Amino acid sequence: MTVHSFQEHFDEKIDNEVSIEPRDWMPDDYRKTLIRQISQHAHSEIVGMLPEGNWITRAPSLRRKAVLLAKVQDEGGHGLYLYSAAETLGITRDEMIEQLHSGKAKYSSIFNYPTLTWADMGAIGWLVDGAAIMNQVPLCRTSYGPYARAMVRVCKEESFHQRQGFEIMMTLANGTDVQKKLAQDALNRWWWPSIMMFGPPDDDSPNTAQSMRWRIKRFTNDELRQKFIDVTVEQAKLIGLTVPDPDLKWNEETGHYDYGKINWDEFWNVVKGNGPCNKERLETRRKAWEEGKWVRDAALAYAEKRKARKEKATLAA
Amino acid sequence: MTNQPINESINQLLYALELADNALIIGHRISEWCGHGPVLEQDIALTNTALDHLGQARSFYQFAANIFNALPADQKANFFSSPVLQNKIAAGENIDEDDLAYLRDGWDFRNVLLVEQPNKDWAFTVIRSFFYDVYNFYFYTELQKSKVAELAAIAEKSLKEVTYHLRWSSEWVIRLGDGTEESHERMQTAVNERWAFTGELFQMSEADKVMLAEGIGIDLNAIKPLWQQRVAEVLQEATITMPASTWMQEGGKEGRHSEHLGYILAELQFMQRAYPNMEW
């Protein structure tokens with residue numbers, strides 16, 4: 001087959017919703033886009049362990065502590081499946097980690113915001129995981145097979161996370177005055193960053209058209225954002241919290257909520273590294289990696305010694 | 001519970017608190033690693049272990065709270081030194097697992113000193129777990145035979161988890177001991193420094209003695225040689241020298257702790273202290 005016919009064969013599969021598998025021919029840009037997207041997603045899981053991990057030792061009850069530990073552990077697991085999915089595209093986990101630590105690879109900017117109170121554990125579960133689900137459910141049908149299959153597992157667990165986050169918020173919202181204040185304060189701080197999670201508006205999102213064509217993406221950023229807002233505003237009402245957007249208004253004509261202007265200047269600044277916690281998050285990851293080097297080296301050295309001993313024993317036998 | 005002599009109830013309560021506090025505090029320490037492990041798989045494994053210890057702590061605290069709530073009022077009034085707990089009890093309220101974990105001060109915690117020692121590095125963390133896991137493994141194996149069905153049931157469930165913990169920590173002791181020169185040195189240092197905290201594991205408190213006599217608790221002197229043997233075997237495979245020192249630190253089981261526990265509790269109990277009497 002010529003490159004041209006390889007391309008035609010690939011396009012045909014995409015058009016017919018046949019998933020692309022690791023051994024299949026694929027255009028270089030498709031591969032690059034997927035590596036960028038999947039590794040960014042994996043890094044988000046790993047960096048995302050930090051703002052929540054921040055509250056494990058301070059959780060207000062043993063039950064909440066157990067649920068939070070389990071949740072953060074799940075995130076580590078998601079990182080693991082996603083790194084594995086990306087590795088099928090011909091990049092190693094160490095290379096991806098190196099790209100994260102050098103700043104070449106990005107992760108979701110939301111994790112550059114600080115978790116200041118316990119209520120932030122509720123807000124993250126409810127809003128951040130809620131937004132992640134909106135983004136991720138369509139990825140269960142994404143064109144690249146290993147990514148789609150990883151996302152099926154991830155989505156199941158994320159919906160559990162979203163529910164437990166909402167439950168934390170509901171408990172606070174039904175609690176004492178100060179607990180309501182904690183809940184409202186967390187919603188105030190997490191609302192805008194959460195709706196920014198869907199990425200820049202469609203007219204400023206250079207990769208969207210190609211990703212839609214390749215069926216990596218199924219909906220545009222603005223479509224997903226709108227869907228998230230419509231659902232979440234109703235949930236906030238249900239527990240008596242106020243979404244911090246004075247321009248938020250139900251639009252009979254469109255059947256959607258109209259919302260206020262998003263501060264894209266803030267968004268791009270956080271992406272560029274100027275968020276409140278960018279430096280701490282990366283420093284923490286780098287420190288864990290550097291301080292873990294002797295441990296990884298020891299594990300490798302021991303595995304090699306063991307293998308050599310086994311071979312020697314087999315030869316002697 | 002109502003037919004039980006008060007002394008036996010109190011000793012059972014203290015016994016359950018020893019077990020619960022050990023589990024809570026080591027779980028807390030291990031959970032400090034979450035998000036900071038040397039490699040993702042180990043981060044996940046440690047978080048899972050922390051969760052197991054926390055689950056065991058909860059089971060024992062629930063058991064302890066039930067015993068406590070059934071005590072006569074005069075016994076309960078000043079049982080714990082914490083004013084917040086005393087007020088609750090004076091108001092006629094029952095206490096629960098969270099009250100025990102979040103409202104007692106250090107002198108009412110009965111965990112051994114070993115579990116509250118800081119993580120420092122991977123070698124210190126691994127050896128603390130290993131010393132404790134070997135102990136736990138034999139302890140829970142025996143506790144399955146307890147006359148008190150609830151304790152036996154918790155032991156049986158926990159033993160499955162502890163068996164995995166022990167495998168994990170033994171493997172890491174060996175891997176680090178027999179890995180690189182650096183890891184060997186770090187492991188040897190960690191063994192030497194944490195050794196002094198292992199004697200207390202087998203020190204019989206008053207509650208331990210009464211529970212043994214009643215057929216509820218276990219004989220720590222009987223599991224000591226099993227512990228010594230297993231530790232010696234693993235350290236030998238790890239090419240690590242057993243410390244010769246026999247001087248042991250103790251006091252945790254009587255509520256005399258290291259300075260570290262105060263900081264653990266300050267962090268662990270922060271929410272309940274700053275926002276008392278609320279549902280979370």
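All chains are named by letter (A, B, ...) in the order of the sequence lines, taking the proteins before the strands, and each is independently numbered beginning at 1. These numbers were taken from a predicted model, which means no experiment stands behind them.
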What pair of heavy atoms forms the shortest contact from B:Gly37 to A:Ala288, and how long is it? O-CB, 4.0 Å

In this structure, CZ of A:Arg64 is separated from CE of B:Met271 (nearest 0.5 Å) by 11.0 Å

Between the NZ atom in A:Lys293 and the CD atom in B:Glu182, the distance rounded to the nearest 0.5 Å is 8.5 Å

About how many Å separate CG of B:Leu40 and CD of A:Glu45, when rounded to the nearest 0.5 Å? 10.0 Å

So, does A:Gln179 use its side chain to make a donor-acceptor pair with the main chain of B:Glu279 at under 3.5 Å? yes

Less than 4.5 Å apart, side chain to side chain, heavy atoms only: is that true for A:Arg296 and B:Trp122? no

Side chain to side chain, A:Thr176 and B:Tyr275, heavy atoms closer than 4.5 Å: no

Which bit of B:Ala50 comes within less than 4.5 Å of chain A, counting heavy atoms only: side chain, backbone, both or neither? both

Assess whether a salt bridge exists between A:Arg93 and B:Glu41, defined as any Lys/Arg side-chain N lying under 4.0 Å from an Asp/Glu carboxylate O. yes

Is any side-chain N of the basic residue among A:Arg309 and B:Asp178 closer than 4.0 Å to the acidic one's carboxylate O? yes

Return the minimal non-hydrogen interatomic distance between A:Ala66 and B:Arg58, and the atom names on each side. CB-NH1, 4.1 Å

Which atoms of B:Ala274 are under 4.5 Å from chain A, going by heavy atoms: the side chain, the backbone, both sets, or neither? neither

Would you check if B:Val39 and A:Val295 make a side-chain contact, meaning some heavy-atom pair closer than 4.5 Å? no

Which answer fits B:Leu54, side chain, backbone, both or neither, if we ask what part of it has an atom under 4.5 Å from a heavy atom of chain A? side chain

Going by heavy atoms in the side chains, are A:Tyr302 and B:Leu176 under 4.5 Å from each other? no

By a 4.5 Å heavy-atom criterion (distance strictly below it), what part of B:Gln272 contacts chain A: side chain, backbone, both, or neither? side chain

Using a 4.5 Å cut-off on heavy atoms from C-beta on, say whether the side chain of A:Met49 contacts that of B:His36. no

For A:Gln235, give me all partners under side-chain contact (heavy atoms from CB on, under 4.5 Å), at least two apart in sequence or on another chain. A:Trp126, A:Gln162, A:Phe166, A:Val231, A:Thr232

Measuring only between side-chain heavy atoms, which start at C-beta, is A:Leu69 closer than 4.5 Å to B:Ser31? yes

Is the side chain of B:Asn48 donor-acceptor paired with the backbone N or O of A:Gln73 at a distance under 3.5 Å, no angle test? no

Where does B:Leu24 contact chain A at under 4.5 Å (heavy atoms): side chain, backbone, both or neither? side chain

Out of curiosity, A:Leu300 CG to B:Ser183 OG, how far, rounded to the nearest 0.5 Å? 11.5 Å

All heavy atoms of B:Gly35 vs all of A:Arg285, minimum pair found to be O-NH1, 2.6 Å

Which heavy-atom pair separates B:Pro38 from A:Gly292 by the least distance, and what is that distance? CB-CA, 3.5 Å

In the structure I gave you, are the side-chain heavy atoms of A:Ile56 and B:Thr47 within less than 4.5 Å of one another anywhere? no

A:Trp294 side chain near B:Thr180 side chain, heavy-atom distance below 4.5 Å: no

What part of B:Trp172 gets within 4.5 angstrom of chain A, counting heavy atoms only: side chain, backbone, both, or neither? side chain

CD1/B:Ile44 to CG/A:Leu80 distance, rounded to the nearest 0.5 angstrom? 4.5 Å

For a quick test of reading the model, state the closest non-hydrogen atom pair linking A:Ser61 to B:Tyr102 and the distance between them. C-OH, 3.1 Å

For B:Trp280, is there any backbone N or O sitting under 3.5 Å from a side-chain donor or acceptor partner on A:Arg63? no

Who among A:Ile168, A:Val178, A:Val72 has the most heavy-atom pairs with chain B under 4.5 Å? A:Val178

